Participant: 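The structure that follows is given in the form of structure tokens.
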Amino acid sequence: MADRLKGKTALIIGAATGIGEAVTRAFAAEGATLVVSYHKASPDAMVAEINASGGQASTVRLDVGDETSVKNAVATVVERHGRLDVAFNNAGILAPIKPLADITAKEFDDTIRVDLRGTFLAMKYEINQMLKNGGGSIINTGSVGSVIANAGLTPYIASKHGVLGLTRSAAIEYAQQGIRVNVLAPGFVETRMTAEWLVDPDLRAVMTAQNSFNRASQPDEIAGMVVYLASDEASFTTGGIFLVDGAQTAI
Ligand SMILES: NC(=O)c1ccc[n+]([C@@H]2O[C@H](COP(=O)([O-])OP(=O)(O)OC[C@H]3O[C@@H](n4cnc5c(N)ncnc54)[C@H](O)[C@@H]3O)[C@@H](O)[C@H]2O)c1
């Protein structure tokens with residue numbers, strides 16, 4: 001176990017699977033004290049594994065679109081550990097893939113509720129706590145969709161562009177109080193979210209052709225960037241967007 005996050009208490013939202021799981025394991029390996037949020041299935045096995053190997057992790061249930069739920073989760077972190085130093089706001093969903101004119105208002109609202117409003121709510125309560133404990137680092141999961149568009153993904157693209165706006169606004173508002181806020185922007189990652197695309201050989205080929213490695217990345221290849229942004233090594237880094245995309249946006 002290294003110690004780049006030793007002494008820091010972190011809340012990870014959307015921690016049970018995919019990128020969130022990889023980041024949770026990486027934070028634990030770097031010595032952070034973790035509160036791991038889940039929406040549906042509690043990641044008990046992962047948390048037990050972390051605790052058995054000398055880490056410190058516990059769970060909290062959270063629906064990121066529900067203000068009371070978010071407020072309570074942040075309060076739970078403080079009740080358990082007295083402070084909040086790092087927050088990884090990683091919850092995300094995709095709407096059904098179709099052109100804008102066919103998207104229902106409900107599909108739009110459902111995506112915005114989790115991907116954009118959820119990020120806002122999380123930041124609001126995390127920042128209020130970080131102001132009390134003298135600073136912190138927030139990492140919001142955006143996407144390459146924070147800077148470019150993909151056809152058929154309007155609610156998601158709008159949300160992820162919005163996550164960049166939330167991040168930049170908060171970065172300039174709270175730098176003086178020691179709170180850093182950045183966007184992690186992955187390209188194509190092999191997770192539950194993209195599983196359907198990966199089993200269809202034609203779609204897989206289209207998706208992997210969008211980056212210069214011509215493959216999907218694995219969640220472990222994303223986690224190191226989040227550790228860096230959470231750590232004191234990134235002390236001058238705020239308001240940034242950190243692409244981990246195999247040059248998908250370089251062309
Ligand atoms: N997989 C990719 O190619 C890719 C690319 C760019 C960005 N992302 C983003 O990465 C993040 C993680 O996605 P992933 O690929 O690991 O997929 P995933 O489906 O494994 O993870 C999504 C997480 O969001 C949580 N979540 C969903 N609704 C929630 C709610 N209402 N309240 C609380 N948590 C909720 C889920 O429980 C899950 O832990 C998402 O924000 C996603 O948009 C993924």
Side-chain angles (χ1 to χ4, degrees), residues 11-26 35-43 46-47 59-74 87-95 97 109-123 125-126 138-150 153 155-164 166-167 183-199 203-204 206-208 210-211 213 215-223 225-226 241-246 248-249:
L11 171 63
I12 303 181
I13 296 182
T17 54
I19 296 167
E21 177 179 356
V23 169
T24 300
R25 291 181 185 281
V35 177
V36 172
S37 98
Y38 65 94
H39 183 219
K40 292 197 170 136
S42 180
M46 171 171 61
V47 165
T59 58
V60 66
R61 198 190 163 274
L62 163 68
D63 174 0
V64 83
D66 179 86
E67 182 165 9
T68 305
S69 177
V70 174
K71 187 177 176 182
N72 290 344
V74 174
F88 181 43
N89 299 323
N90 176 63
I93 58 170
L94 280 176
I97 297 176
D109 288 348
D110 287 349
T111 309
I112 295 284
R113 177 183 180 276
V114 174
D115 294 7
L116 183 59
R117 186 172 186 274
T119 305
F120 160 71
L121 289 174
M123 291 171 73
Y125 289 100
E126 291 157 2
I138 295 175
I139 303 101
N140 296 320
T141 303
S143 162
V144 288
S146 296
V147 288
I148 59 171
N150 270 104
L153 293 175
Y156 184 79
I157 298 294
S159 297
K160 294 298 188 181
H161 272 64
V163 166
L164 180 57
L166 287 172
T167 301
V183 170
L184 167 77
F188 190 31
V189 194
E190 187 161 358
T191 68
R192 199 181 54 169
M193 181 176 273
T194 54
E196 277 177 37
W197 303 347
L198 285 159
V199 289
L203 203 45
R204 184 180 186 111
V206 169
M207 293 305 295
T208 54
Q210 290 178 0
N211 70 68
F213 292 124
R215 65 173 177 86
S217 64
Q218 296 301 312
D220 285 346
E221 298 179 275
I222 311 295
M225 179 64 83
V226 188
I241 174 164
F242 294 85
L243 293 150
V244 187
D245 71 346
Q248 184 175 343
T249 53

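Just so it is clear, the structure is predicted and the values come from calculations on it, not from any experiment. In what follows, every heavy atom counts, from backbone to side chain, and hydrogens, waters and symmetry copies are set aside. Order of listing sets the numbers, starting from 1, for every ligand and every atom in it.
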Participant: So which atom in Leu198 and which in Ala216 form the shortest heavy-atom distance, rounded to 0.1 Å?
Facilitator: CD2-CB, 4.2 Å
Participant: Any heavy-atom pair between the side chains of Ile19 and Pro186 that's under 4.5 Å?
Facilitator: yes
Participant: Considering only heavy atoms, does Val114 approach ligand 1 within less than 4.0 Å through its side chain, its backbone, both, or neither?
Facilitator: side chain
Participant: Quick test of your reading of the model: are Arg192 and Glu21 salt-bridged, counting only N-O distances below 4.0 Å?
Facilitator: no
Participant: Just need the protein heavy atom nearest to atom 6 (C) of ligand 1, so name the residue and atom and give the distance.
Facilitator: Pro186 O, 3.4 Å
Participant: Can you tell me the protein heavy atom closest to atom 5 (C) of ligand 1 and the distance?
Facilitator: Gly187 O, 2.9 Å
Participant: Determine whether a donor-acceptor pair (N or O, by modelled atom type, separation under 3.5 Å) exists between the side chain of Arg61 and the backbone of His39.
Facilitator: yes
Participant: Examine the proximity of ligand 1 to Lys160 and report which part, side chain or backbone, both or neither, has a heavy atom under 4.0 Å away.
Facilitator: side chain
Participant: Of the backbone atoms (N, CA, C, O) and the side-chain heavy atoms from C-beta on, which set of Ile19 has a member under 4.0 Å from an atom of ligand 1: side chain, backbone, both, or neither?
Facilitator: both
Participant: Taking distance alone, with no angle check, do Arg113 and ligand 1 share an N/O pair under 3.5 Å?
Facilitator: no
Participant: Check ligand 1 against Leu62 and write out every atom of the ligand that is under 4.0 Å from a heavy-atom position of the residue.
Facilitator: 32 (N), 33 (C)
Participant: I want to confirm something. Looking only at heavy atoms, which of Arg192, Met193, His39 is nearest to atom 36 (C) of ligand 1?
Facilitator: Arg192
Participant: Can you check whether Tyr38 reaches Met46 side chain to side chain, under 4.5 Å on heavy atoms?
Facilitator: no
Participant: Should you measure from each heavy atom of Gly142, which atoms of ligand 1 turn up under 4.0 Å away?
Facilitator: 7 (C)
Participant: Counting non-hydrogen protein atoms only, what is the nearest one to atom 31 (N) of ligand 1? Give residue, atom name and distance.
Facilitator: Asp63 OD1, 2.9 Å
Participant: Whether the side chain of Thr59 engages the backbone of Val36 through a donor-acceptor N/O pair (distance < 3.5 Å, no angle test) should be reported.
Facilitator: no
Participant: At what distance is the nearest protein heavy atom to atom 3 (O) of ligand 1, and which residue and atom is it?
Facilitator: Val189 N, 2.8 Å
Participant: For atom 26 (N) of ligand 1, what's the nearest protein heavy-atom neighbour? Residue, atom name and distance, please.
Facilitator: Ala91 CB, 3.9 Å
Participant: Does Ile93 approach ligand 1 within less than 4.0 angstrom via side chain, backbone, both or neither, non-hydrogen atoms only?
Facilitator: side chain
Participant: Tell me which protein heavy atom sits closest to atom 14 (P) of ligand 1, plus the residue, atom name and distance to 0.1 Å.
Facilitator: Thr191 OG1, 3.4 Å
Participant: If you look at every heavy atom in Ile148 and His161, which pair is closest and at what distance?
Facilitator: O-CE1, 3.8 Å
Participant: Which atoms form the tightest heavy-atom contact between Val144 and Gly187, and what is the distance?
Facilitator: CG1-CA, 3.7 Å
Participant: Any idea which heavy atoms bring Val189 and Gln218 closest together, and the distance?
Facilitator: CG1-C, 3.9 Å
Participant: So which bit of Tyr38 gets within less than 4.0 Å of ligand 1, heavy atoms only: side chain, backbone, both or neither?
Facilitator: neither
Participant: Can you tell me if Asn211 uses its side chain to pair, donor with acceptor, with the backbone of Arg215 under 3.5 Å?
Facilitator: yes
Participant: Within a distance under 4.0 Å of any heavy atom of Gly92, pick out the atoms of ligand 1 and give their elements.
Facilitator: 22 (C), 24 (O), 27 (C), 40 (C), 41 (O)
Participant: Looking only at N/O atoms, are Gly20 and ligand 1 under 3.5 Å apart anywhere?
Facilitator: no
Participant: Does Thr194, backbone or side chain, put an N or O under 3.5 Å from an N or O of ligand 1?
Facilitator: no
Participant: Which ligand 1 atoms does Phe188 reach within 4.0 Å, using its non-hydrogen atoms?
Facilitator: 3 (O)
Participant: Within the side chain of Arg117, is there an N or O that forms a donor-acceptor pair under 3.5 Å with the backbone of Gly65?
Facilitator: yes
Participant: Would you say the side-chain atoms of Asn150 pair up with the backbone N or O of Leu153, donor to acceptor, closer than 3.5 Å?
Facilitator: no
Participant: Run the side-chain donor-acceptor check on residues 87-95: report pairs under 3.5 Å with partners two or more places apart or on a different chain.
Facilitator:
unit_1, atom_1, unit_2, atom_2, d
Asn89, ND2, Glu126, OE1, 2.9
Asn89, ND2, Asn140, OD1, 2.9
Asn90, OD1, Thr141, OG1, 2.8
Asn90, ND2, Gly14, O, 2.8

Participant: In terms of atom number and element, which parts of ligand 1 are under 4.0 angstrom from non-hydrogen atoms of Thr141?
Facilitator: 9 (C), 10 (O), 11 (C), 41 (O)
Participant: With heavy-atom distances below 4.0 Å as the criterion, list the atoms of ligand 1 near Gly18.
Facilitator: 16 (O), 20 (O)
Participant: Atoms of ligand 1 less than 4.0 Å from Asn90 heavy atoms?
Facilitator: 10 (O), 11 (C), 12 (C), 40 (C), 41 (O)
Participant: Please list the nearest protein heavy atom to atom 8 (N) of ligand 1 with its residue and the distance rounded to 0.1 Å.
Facilitator: Tyr156 OH, 3.5 Å
Participant: What pair of heavy atoms forms the shortest contact from Gln248 to Phe188, and how long is it?
Facilitator: OE1-N, 4.0 Å
Participant: For atom 18 (P) of ligand 1, what is the nearest protein heavy atom, given as residue, atom name and distance?
Facilitator: Thr17 OG1, 3.6 Å
